[in-house]
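To start, the structure under review is shown below, and the notes come after it.
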Number of protein chains: 2
Amino acid sequence: MGREAGEAGRRAGLKDVARLAGVSVKTVSNVVNGYVHVAPATRARVQRAVAELNYRPNPSARSLCGGRSGIIALAVPDLRIPYFAELAGLVVAAAEERSLTVLIDQTGGERERELRVASGLRTHLIDGLIFSPLALGPEDLAARSDDTPMVLLGERVRPGSADHVAVDNVAAAREATAHRIGLGRHRVAAIGARHDAAGETARLRLLGHRQALTEAGLPVHADLVAPVDEYLRADGARAMARLLDSPEPPDAVFCGNDLLALGALRTLYERGVEVPGRVAVAGFDDIDDGRYGTPSLTTVAPDKRRIAGEAVGLLATRLDGAATGPAREIQVGHRLVPRESTLGRAAR
Amino acid sequence: MGREAGEAGRRAGLKDVARLAGVSVKTVSNVVNGYVHVAPATRARVQRAVAELNYRPNPSARSLCGGRSGIIALAVPDLRIPYFAELAGLVVAAAEERSLTVLIDQTGGERERELRVASGLRTHLIDGLIFSPLALGPEDLAARSDDTPMVLLGERVRPGSADHVAVDNVAAAREATAHRIGLGRHRVAAIGARHDAAGETARLRLLGHRQALTEAGLPVHADLVAPVDEYLRADGARAMARLLDSPEPPDAVFCGNDLLALGALRTLYERGVEVPGRVAVAGFDDIDDGRYGTPSLTTVAPDKRRIAGEAVGLLATRLDGAATGPAREIQVGHRLVPRESTLGRAAR
DNA sequence: CTGAAAGCGCTTACAG
DNA sequence: CTGAAAGCGCTTACAG
């Protein structure tokens with residue numbers, strides 16, 4: 001008898017292990033936490049007792065002692081948005097490598113909820129926060145009063161106010177548009193202008209797009225920049241329809257993200273417009289859906305795995321003592337992934 | 001001065017609130033936890049103190065007292081799989097309505113990791129578990145030794161051994177295939193047979209598919225059932241290619257999930273096979289990607305919002321006292337969503 | 001290298 | 001309806 005959990009109905013505690021091993025709880029604690037100064041024989045004895053009792057540390061008690069909970073929060077707009085889902089999956093995996101557990105908060109990109117997240121919604125519970133804000137601006141973030149370590153995903157906040165990991169949105173978008181210009185397109189539209197506060201990333205991507213036009217000596221037509229409410233497929237579909245209905249439709253479109261681009265492809269399909277024959281389409285994010293699209297979607301691929309890894313890594317260093325110290329900024333690479341939506345079937 | 005957290009650098013505790021309000025900690029605890037028997041005046045005084053000190057209960061302490069942590073775990077194979085990402089988003093939202101926080105575990109569908117999840121990976125930390133196993137069978141699940149409340153998503157386990165929420169996979173798949181037969185297709189293939197332990201859901205869906213064939217008096221050709229390793233786009237694409245290469249290709253395909261179907265659509269696109277003209281395609285899950293596909297994907301839509309809601313609801317009742325009691329089973333509805341991949345462009 | 005003691009912030013019986 | 005006390009399981013100085 002006696003495998004798995006304590007038969008007694010009660011789970012074994014540090015004290016039980018100590019008794020069985022014939023040492024003090026302090027020593028057990030030392031062994032469990034991997035401290036160095038424990039005699040090998042003692043360590044072995046303790047480990048045997050731990051195994052026998054199937055002892056597992058109680059994270060609540062540990063965290064209560066001012067120790068850490070081992071939990072970090074990831075706050076994103078919505079897991080139903082593939083980019084954030086993929087990112088979340090990678091963050092959970094990266095966290096696991098460091099024995100951290102991830103709890104998810106969905107903000108819906110709403111200012112109120114993001115404010116709550118930033119001001120310590122999970123204080124006491126989490127050791128740190130990885131936050132991808134949409135509605136909050138640099139000022140909001142810099143004014144944060146909670147002192148839980150935080151790593152920001154996305155645009156640069158006021159320099160020095162928080163650790164953050166980002167891609168060079170301007171450069172990446174510029175490459176995407178330049179790619180189409182290089183293929184001979186001269187009326188390159190953009191889908192994704194936003195008028196709300198959520199527009200920082202959008203703004204930078206559209207800026208890169210315009211830079212590419214300017215660098216190529218092409219005019220920037222205001223009517224070739226389509227605004228959207230959100231960055232979802234439906235918005236892209238609607239925006240594409242409007243562009244097609246304009247007097248001089250574009251021969252290429254840069255979309256602020258892949259979801260918009262997939263929506264745009266859908267409209268083009270419905271209207272029987274050849275892609276890339278008459279309109280070349282590119283997105284941003286490199287979500288899985290784009291890879292198997294028909295046609296497959298040309299996009300800019302940020303290194304999501306590295307974004308997740310760096311975010312968790314930055315947080316981990318904060319948890320391991322360096323709680324204070326200058327804010328760090330990590331710029332993660334990206335690469336243009338040309339596929340059929342700009343190259344045609346030859347792309348395969 | 002004095003907004004947000006305690007200036008003193010230390011967050012206010014129950015004791016601080018009690019002192020400020022001039023009551024005992026017990027009373028503060030009562031107010032904070034919404035107990036009834038507190039004099040209105042006392043309650044008001046306490047609430048004022050709570051607000052003034054910006055007091056927030058420490059979940060670790062609460063959980064340590066044998067109380068609850070307010071945290072539940074959601075264990076799914078991988079958030080990068082859209083179905084699970086959408087489900088996770090809905091679970092997080094449903095949990096929030098009940099003031100529960102969701103922590104995510106990714107099992108990768110690996111037996112070892114699922115076993116760890118089932119046997120109490122998060123004991124002490126979580127109040128309950130919502131688990132979508134892939135590799136574990138009914139025996140594994142029934143043999144679970146950990147007593148943390150658990151709600152299973154997916155197939156029926158050994159009746160009575162655990163709460164679970166599921167859709168009627170057999171009936172749903174049958175409808176999907178019957179739909180194509182009703183449209184005059186007679187060589188309806190299936191993609192998604194699995195030979196590993198992860199096959200329970202797959203098995204039921206293919207069973208429903210065969211039932212539809214049989215009910216229509218159609219033969220079940222073994223060569224029209226394509227096996228796959230996983231349920232991802234790439235698997236669907238490969239399987240579709242094999243089916244097309246067979247001597248008598250199908251005129252319709254039922255795929256075990258939407259990801260397989262999207263992969264199949266990709267192969268059909270690459271080979272220039274008209275959909276649904278020459279091959280009608282249907283999937284299962286109703287993930288967002290299918291809705292905007294080109295063509296849009298006919299699928300079976302389980303009521304995901306309800307799955308998430310019921311799962312959290314079942315768990316919540318276990319946390320609110322009914323920790324023991326007979327296992328409950330909730331069957332969630334589904335509906336066939338015919339789209340262009342079977343109906344053609346007229347579907348719009 | 002190891003032990004005994006205090007205390008983290010809360011809740012839960014137990015009295016009044 | 002409210003209070004004083006014990007204790008949840010751990011870690012952290014402080015001694016030895």
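Letters A, B, ... are given to chains in the order of the sequence lines, protein chains preceding strands, and every chain is numbered from 1.
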Identify each donor-acceptor pair in which a side-chain atom of residues 59-67 of chain B lies under 3.5 Å from a protein atom, sequence neighbours left out, and give them as a table.
unit_1, atom_1, unit_2, atom_2, d
B:S60, OG, A:S63, OG, 2.5
B:R62, NH2, B:N33, OD1, 3.2
B:S63, OG, A:S60, OG, 2.5

Please list, chain by chain and in numerical order, all residues satisfying side chain to side chain donor-acceptor pair (under 3.5 Å) with A:N58, sequence neighbours excluded.
-> none

Partner set under side chain to side chain donor-acceptor pair (under 3.5 Å) for A:E86, not counting sequence neighbours = A:K304

Euclidean distance, atom CG of residue A:L53 to atom P of D:dC10 [Å, nearest integer] = 11 Å

Can you pull the salt bridge (charged side-chain N to carboxylate O under 4.0 Å, His left out) pairs that have at least one residue in residues 115-135 of chain A, sequence neighbours excluded?
-> A:D105-A:R122

A:D163 side chain vs A:R328 backbone, donor-acceptor pair below 3.5 Å = yes

What's the NZ-P distance between A:K15 and D:dC10, to the nearest Å?
-> 10 Å

Quick test: give all pairs of protein nitrogen or oxygen and nucleotides 1-5 of chain D nitrogen or oxygen below 3.5 Å, distance rounded to 0.1 Å.
unit_1, atom_1, unit_2, atom_2, d
D:dC1, OP2, B:H37, ND1, 2.9
D:dT2, OP1, B:T42, OG1, 2.5
D:dT2, OP2, B:A39, N, 3.2
D:dG3, OP2, B:S24, N, 2.8
D:dG3, OP2, B:S24, OG, 3.0
D:dG3, OP2, B:T27, OG1, 2.8

Using whole Å, report how far CG of B:L14 lies from C1' of C:dT11.
-> 9 Å

Residue pairs meeting salt bridge (charged side-chain N to carboxylate O under 4.0 Å, His left out), one or both in residues 23-34 of chain A, sequence neighbours left out, come to none

What integer distance in Å separates B:L125:CG from D:dG9:C1'?
-> 14 Å

Considering heavy-atom distances to DNA chain D, does B:C65 or A:N33 have its closest nucleotide positioned more toward the 5' end?
-> B:C65

Can you tell me the distance, in whole Å, between the CG atom of B:D127 and the C1' atom of C:dT11?
-> 14 Å

Throw together a table of side-chain donor-acceptor distances under 3.5 angstrom for residues 88-98 of chain A, partners on residues two or more places apart or in other chains.
unit_1, atom_1, unit_2, atom_2, d
A:E96, OE1, B:R113, NH2, 2.5
A:E96, OE2, B:R113, NH2, 2.8

Kindly state each residue pair satisfying salt bridge (charged side-chain N to carboxylate O under 4.0 Å, His left out) with at least one member in residues 30-45 of chain B, sequence neighbours excluded.
-> none

Which nucleotide in the list D:dT11, C:dG9, C:dT11 gets nearest to the side chain of A:R62?
-> D:dT11

Between atom CZ in A:R19 and atom P in D:dG9, what is the gap in whole Å?
-> 12 Å

Does the A:E114 side chain pair with the main chain of A:L136, one donor and one acceptor, at a distance under 3.5 Å?
-> yes

Residue B:N58, side-chain heavy atoms: nucleotide from C:dT11, C:dC10, D:dT11 that is nearest = C:dC10

Tell me whether the OP1 or OP2 atom of C:dC10 has a side-chain N or O from B:S29 closer than 4.0 Å.
-> no

If a stem is a run of at least 3 consecutive Watson-Crick or G-U pairs, both distances under 3.5 Å, which stems include DNA chain D?
-> C:1-3 with D:14-16, C:5-12 with D:5-12, C:14-16 with D:1-3

Separation of D:dT12 atom P from A:L64 atom CG, nearest Å, is 12 Å

Tell me what A:P59 touches on the nucleic acid: a base, only sugar-phosphate, or nothing, going by heavy atoms under 4.0 Å.
-> nothing

